[in-house]
Structures are given as C-alpha cells and as structure tokens.
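First the structure, in the form of structure tokens, and then the observations on it.
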Amino acid sequence: MRTAVALFACLALLLSPAPAPAEGPQATYVLRVPAPKGDSAQRLLRLGYDVLEQRDGDDLFVVGDPLTAGKLRADGFPSTVETAMPPSERAPRSLDEATYYGGYRTITAQFAHLNEVAQTHPDLATVVDYGDSWRKTQGSGGHDLKAICITRKNPGDCALSPTAPKPRLFVMGQLHAREITTGDMAWRFIDDLVGSPDLTAMLAELEVWVVPIANPDGVEIVESGGDSPVLQRKNANGTCTSGSRGVDLNRNAGSHWGEVGSSTNKCSETYRGTRADSEVEVQALESLWRKLYRDTRAPGDTAAASADTTGAVISMHSYGNYVLFPWGWSTLKTGNDTALRKMANDMAALSGFTAGQPGEVLYNASGATDDWVYDDLGVPSFVWEIGASSGRCGGFLPPFSCQQDAHWPKVRPMLVSAMNAAKRPY
C-alpha cells in the first residue's frame, strides 16, 4: 500500500502544472515514453531528452526531474513514472576515500590498481598513458588517460604499433561516466587476466588492452556524490544553466558526426560538441586505436574489411542487456554484417542479452565510438549495455554486491568469447 501511495504521489506531482524549480536537491525520475522505432523515437532524441539505451516494445525511457513530464507533454509525448529516486542529503565524498556508493572504486583507486597490477606482474602488464582529460588540458585539475596492456610479454608486445605480432582485444568502461557497472567490470577483468589460469593461458597468443575509465572528468563528478552518485553522463567541457555540462563522448566521434540521435543543445545529454572529434578524450582514443590496429577497410559505408583483419573493440555501457554493433547511425548493413552479427549473437547467447544494430533494437544514433572504429579501421566493434532495466540489480546505480552476483557471471563469458573472436573475426 505504501508503494502505491508513493507512486500515486509521484504521478500527481508529474501530472500537475509545472512548478518553479525548487532550490536544493531534486528527485530523479525514469519516465516511460511511447516512442516507436522510426520517426517518433528520432524526434524524441532530436528534442534533447536524456533517452536511455533501453526499449520495451514501443516505449523508450527518459531520465528527468520533476519538470520533465510537463516538458514531454508539451512536446506531444505522454509519459508515466517507471522509477523514482529521492534526493539525498548526504555530504559529498571525501577526496581521500578509495570507494564510494558501497564499494565502487574511485578514479584514484582505479589508476592505482593499474600500477599495482603492472608492478606485481611485470611479465604480463604494462601501463600506458595515452593522453589527458579536458580538465587537465585546461590546468584545472583533471586526470591522465590510462590503459593497461596485458599479455605474455615477448619482443614487440604492447608496442604502440599496428604491426605488433599479436591480435588485440580492446575493452573500455565509463565512456559515459554514470555507468558505474562498467568500471567495475573492467577492474574484475584485469584481475582475472593476471590471476585466472584459463585467461592467462590465452595471453600467449593475444594482447588485451583495458581502459577502465575513459571519461575521468565525468567520473569525478559522479563519485563526488558519495552514496548518492551524480548522474553525469558527459565529460566536463562546457557550461550549462539548465542541465549537465559537457559533451557526450559517444556522440562526438567522427563517423557520421552530427546526424541522427545527437543534439546541438549544450545542455542535452547527447550534446555532440562543436565539431567532429572536438573532445580531447575522443581524440586520444582514436589516436590510440590507430596505433594499435591496421586499417583494413576501404572508404564507403558498404565496403568490407579484409579477411585478414584481427582484433576487436568492446565499449561497455549500461543498461538494457544489449550487444550492439555497427552501424548505429543507420540500419544500413556494413560490409561485414554477417560476421559482426555472428559475433554479437555468440556473445549475447552467453548472457541472455539481445543482439542487433542500434536501429533494430533501440534507435539510431551517430558519432559513436564503435561506429568510428569499424568505419576508420575495419575492426569489429561492439557496445555492451550491461544490466536490466529494473529490479534490484537494474539501472545505473545497482548495489555494489550486484557486480559480483549478477553482472560479472554474464560479462566474463562474453569477454572470453571476445578474446577468442579477436584472433580471426572475419
């Protein structure tokens, strides 16, 4: 009965005339919005709403505050409350803490972990500084951008050269800062690579590169909330008076940049930036990928990469339980669609996820890093949306225990599948 009363109160609030914004912390809502695939879904995205990578039949889901339902209604989209998160009164996290929100590791802890692994396993691991975050380039704090290369080291391994002797699997987390599950999955994968005999044995014929936090400035904002993490998606470049600051790094990459599923509104969660590849975090990733992989694909949206292509790139996101592959900007099939689809289906079969192009199962979006990797280099690239849309372990902020109990048992087999596929993907 209390749940029903609370839900009725939320609905009453959201359906009433829009009040003036209140001072202090605001509740956060996930709203269910009818938006079938096609024009309706793309219009919702064009309007700049914070649309989740989640679909239930004809419905999409939007994150917002107490005013969002009224804005949606004015734009012709009815909505209902799916979940509500009350505001927190907790003080911000102390800067010397190594964890937040029940056990999630801070940036400082993540980077210390990389160094510790490399020091403990010098025969396997090498830490690589591949750039600087936006705040660091501005002299206002910020962070290095760090990766770890893990393999049974031989001459030429972990070199920043596309002609290195072994195939390479690249895995990254927290490109979208608020997707905290993905940083934890990266931590566990690193530990498993150096500590589990079955994975360590695979490193004789494979390099694995892991970037646990691809958007450290954004993650710094997330973790500043302590036990009430801030739902920051973007990096920290820019200002905004009616939303969150920053650029969506997964709409900024230079593959069909500025097309569907991205916004010119600086306050939108899908703000694409001023130009393709404008953000230093995206520039650094693209530069690193070009150093790690050969370009095996001719220009053109339907050109296929050659059969001797090696490697794969996984960008971990949350949530929705999807395995997505190019193209994301269109439902046009790539030249390697059959192979990409098989790899995606193989991974999805191990986890119970749904595989498909974004436009087939969610909506089209442009400027994504996975499209860029395949477009520019021909390397198979995938997005994993980890976690259910509801339930105790669903959403952006599952209890930390869910990482071990719910998510890692699904993600680990997919990572092993990707390790095997990276050797000869096509």
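In this text, all values refer to a predicted model and were calculated from it rather than measured experimentally. Quick note: numbers below take in every heavy atom, side chains included, and nothing from hydrogens, waters or symmetry partners.
If you run side chain to side chain contact (heavy atoms under 4.5 Å, CB included) between F382 and each of L324, L340, V373, D370, only L340 comes through.
A salt bridge is absent between R46 and D39: the closest approach of a Lys/Arg side-chain nitrogen to an acidic carboxylate oxygen does not fall below 4.0 angstrom. Between K146 and D129, no side-chain nitrogen of the basic residue sits less than 4.0 Å from a carboxylate oxygen of the acidic one, so the salt-bridge criterion is not met.
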Next item on the list: List the steps, then state whether salt bridge (charged side-chain N to carboxylate O under 4.0 Å, His left out) holds for K166 with E207.
Entry: CA-CA 6 Å; K166 294 175 184 174; E207 277 184 23; over 6 Å; no

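Side-chain contact between L199 and M202 is present, with heavy atoms from C-beta onward closer than 4.5 Å. For the pair E286 and D376, the minimum side-chain heavy-atom distance is 4.5 Å or more. Contact annotation: the side chain of T68 never approaches that of S79 to less than 4.5 Å [non-hydrogen atoms, C-beta and beyond]. You'll find the side chain of R168 reaches within 4.5 Å of the side chain of Y293, heavy atoms only. The shortest distance between side-chain heavy atoms of T310 and R424 does not fall below 4.5 Å. By the 4.5 Å heavy-atom criterion applied to side chains, F400 and D184 are counted as neighbours. Residues I314 and F170 fail the side-chain proximity criterion, which asks for heavy atoms closer than 4.5 Å.
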Please set out all donor-acceptor pairs under 3.5 angstrom arising from side-chain atoms of residues 409-421, sequence neighbours excluded.
unit_1	atom_1	unit_2	atom_2	d
R412	NE	D192	OD2	2.4
R412	NH1	D198	OD2	3.4
R412	NH2	D192	OD2	3.3
R412	NH2	D198	OD1	3.1
R412	NH2	D198	OD2	3.1
N420	ND2	V416	O	3.3

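With hydrogens and angles left out, the side-chain atoms of D375 and S255 include a donor and acceptor closer than 3.5 Å. Side chains of E223 and T106: no donor on one and acceptor on the other come within 3.5 Å. A donor and an acceptor atom, one from each side chain of N252 and Y271, are nowhere located under 3.5 Å apart. Side-chain atoms of Q232 and R245 include no donor-acceptor pair closer than 3.5 Å. H176 and E179 form a side-chain donor-acceptor contact under 3.5 Å, judged by distance and modelled atom types alone. Using modelled atom types and a 3.5 Å distance limit, the side chains of E279 and N235 yield a donor-acceptor pair. Judged purely by distance below 3.5 Å, without hydrogens or angles, the side chains of Y130 and D144 never pair a donor atom with an acceptor atom. Side chain to side chain, Y104 and Q403 meet the donor-acceptor criterion of an N or O pair below 3.5 Å. Residues T354 and N321 have side chains that never bring a donor and an acceptor to within less than 3.5 angstrom of each other.
When ring centroids are compared, W384 and F353 stay outside the 6.0 Å threshold.
Remark: R275 fails to qualify as a cation-pi partner of W257 under the 6.0 Å distance and 45° angle criteria applied to the six-membered ring.
D371 places a side-chain N or O within 3.5 Å of a backbone atom of W329 that can act as its donor or acceptor partner. At distances below 3.5 Å, not a single donor-acceptor pair connects side-chain atoms of S196 with backbone N or O atoms of L193.
The distance from the OG atom of S133 to the NE2 atom of H143 is 6.0 Å, given to the nearest 0.5 Å.
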